[in-house]
**Student:** 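Quick one: the structure is below, questions incoming.
A, B, ... follow the sequence lines: proteins, then strands. Residue 1 opens every chain.
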Number of protein chains: 2
Amino acid sequence: MRLTSFTDYGLRVLMRMAGTPDRAFTAADLAAEFRISRNHLAKVISALAAAGLLETRRGGGGGAMLARAPKDIRLGDVVAVLEADQALVECFASDTNTCTLTPHCRLKARLAHAEAAFVADLNRSTLADCVYRPEST
Amino acid sequence: MRLTSFTDYGLRVLMRMAGTPDRAFTAADLAAEFRISRNHLAKVISALAAAGLLETRRGGGGGAMLARAPKDIRLGDVVAVLEADQALVECFASDTNTCTLTPHCRLKARLAHAEAAFVADLNRSTLADCVYRPEST
DNA sequence: AGTAATACGCATTGTAAATACCAAATCAGG
DNA sequence: CCTGATTTGGTATTTACAATGCGTATTACT
């Protein structure tokens, strides 16, 4: 069971931003701090902004910051958004599914239920529970 | 959020075997029926046997069959075994982890809890709930 | 013996994530 | 109204690893 690094990075971004609210973070800033690819991180930030979790501002002095208070951002929702295009198993992607059991399969619904349980369990926490406080401040 | 096809195939094998107990299935039989790779499936069967879920017998007339009654095989346990080497996120694989937040991260424990919730939810069902009945018998 | 099957290691392939690159759009500040 | 900094979006490339293939050894039934 795996989440993509895309999702992983998204969570790191949110936790870090919650640690220093009111600061606008550029993609370059965060990429340097996390020591990961700047370009890839830029896309993660785009996705978070598209989901309404971040507000971004372009141009000089621009950057991104949280669009809502950390306590109003539920972790499960974040994961669900960032993993939206990931099929848990092959048959969840109906267009490329080749499983011969599909017509009579009684497992699929149970897997979907478990996936929902995963998200629901995460939703018991909000970003406020996972604030990352930078080293020295 | 994704499970490997390795796990997917493992579940298919178990469901199919539960549909026709007392029959020994060879890897070739199942691969043909599912229209998937015979070699890959053989490894899945090995893993299931190593986990004590299947009994295998070599030689002519050999094959594999369930080691326990379907109602005594919990789905969450199966998934947990087959996904054992899959790290949910990078920091779960401590030897290759490069996340700079790790020392003060308050997210990891929550992710682990959610993963356990996923397995626990699946464990509400057993293989007996997911028997696959072949087309015409 | 001969045959049918698993078991296992290693090589190869294929695919998708991760990353890099580039051009365009946008904005702050002088 | 420039100019430099930044996001945005698209495409291309790289890379990692799951998936597959294959050969050999091993085991066991007939």
**Student:** Nearest whole Å is fine: how far is dT7(D) P from Asn39(A) CG?
**Tutor:** 11 Å
**Student:** Just the rounded figure in Å: distance from P of dT8(D) to NZ of Lys43(A).
**Tutor:** 13 Å
**Student:** Taking all non-hydrogen atoms of both residues, which atom of Lys43(A) and which atom of Phe6(A) are closest, and how far apart?
**Tutor:** O-CZ, 3.8 Å
**Student:** Could you tell me whether Ala27(A) contacts a base, only the sugar-phosphate backbone, or nothing, with contacts defined as non-hydrogen atoms closer than 4.0 Å?
**Tutor:** sugar-phosphate
**Student:** Please tell me if Tyr9(B) has a side-chain N or O lying less than 4.0 Å from either OP1 or OP2 of dA18(D).
**Tutor:** no
**Student:** Rounded to the nearest angstrom, tell me the gap between atom CD1 in Ile45(A) and atom P in dG9(D).
**Tutor:** 13 Å
**Student:** If I compare all heavy atoms of Ala47(A) with all of Leu82(A), which pair ends up nearest, and what's the gap?
**Tutor:** CB-CD2, 4.3 Å
**Student:** Should the pair Arg38(A)-Asp29(A) be classified as a salt bridge under the 4.0 Å nitrogen-to-oxygen rule?
**Tutor:** no
**Student:** Reckon Gln86(A) touches a base, only the sugar-phosphate, or nothing at all at heavy-atom distances under 4.0 Å?
**Tutor:** sugar-phosphate
**Student:** Would you mind reading off the distance between His40(A) atom NE2 and dA16(D) atom P, rounded to a whole angstrom?
**Tutor:** 14 Å
**Student:** Nearest whole Å is fine: how far is dC17(D) P from Glu90(B) CD?
**Tutor:** 11 Å
**Student:** Taking any atom under 4.0 angstrom from a heavy atom of chain A, which nucleotides of DNA chain C are the first and last to qualify, 5' to 3'?
**Tutor:** dA17(C) to dA28(C)
**Student:** Does a side-chain N or O from Thr26(A) land closer than 4.0 Å to OP1 or OP2 of dT6(D), or not?
**Tutor:** no
**Student:** Using a 4.0 Å heavy-atom cut-off, does Arg38(B) contact any base of the nucleic acid, only the sugar-phosphate backbone, or nothing at all?
**Tutor:** base
**Student:** For the base of dT7(D), is there a side-chain donor-acceptor partner from Arg58(A) under 3.5 Å away?
**Tutor:** yes
**Student:** Quick one: do Thr98(B) and Glu90(B) satisfy side chain to side chain donor-acceptor pair (under 3.5 Å)? Show the steps, please.
**Tutor:** CA-CA 8 Å; Thr98(B) 65; Glu90(B) 184 188 355; 2.5 Å; yes
**Student:** Could you tell me the separation between the CG atom of Leu41(B) and the C1' atom of dA18(D), rounded to a whole number of Å?
**Tutor:** 15 Å
**Student:** On the ring face of Phe92(A), is Lys108(A) found with NZ or CZ under 6.0 Å from the centre and within 45° of the axis?
**Tutor:** yes
**Student:** Among Asp72(A), Leu14(A), Val78(A), find the residue that satisfies the side chain to side chain contact (heavy atoms under 4.5 Å, CB included) test when tested with Leu127(A).
**Tutor:** Leu14(A)
**Student:** Would you tell me whether Arg74(A) and Thr126(A) have side-chain atoms, one donor and one acceptor, within less than 3.5 Å of each other?
**Tutor:** no
**Student:** How many Å lie between CG on Leu54(A) and P on dT6(D), as a whole number?
**Tutor:** 17 Å
**Student:** Let me know the distance between CZ of Phe25(A) and P of dT7(D), rounded to the nearest Å.
**Tutor:** 12 Å
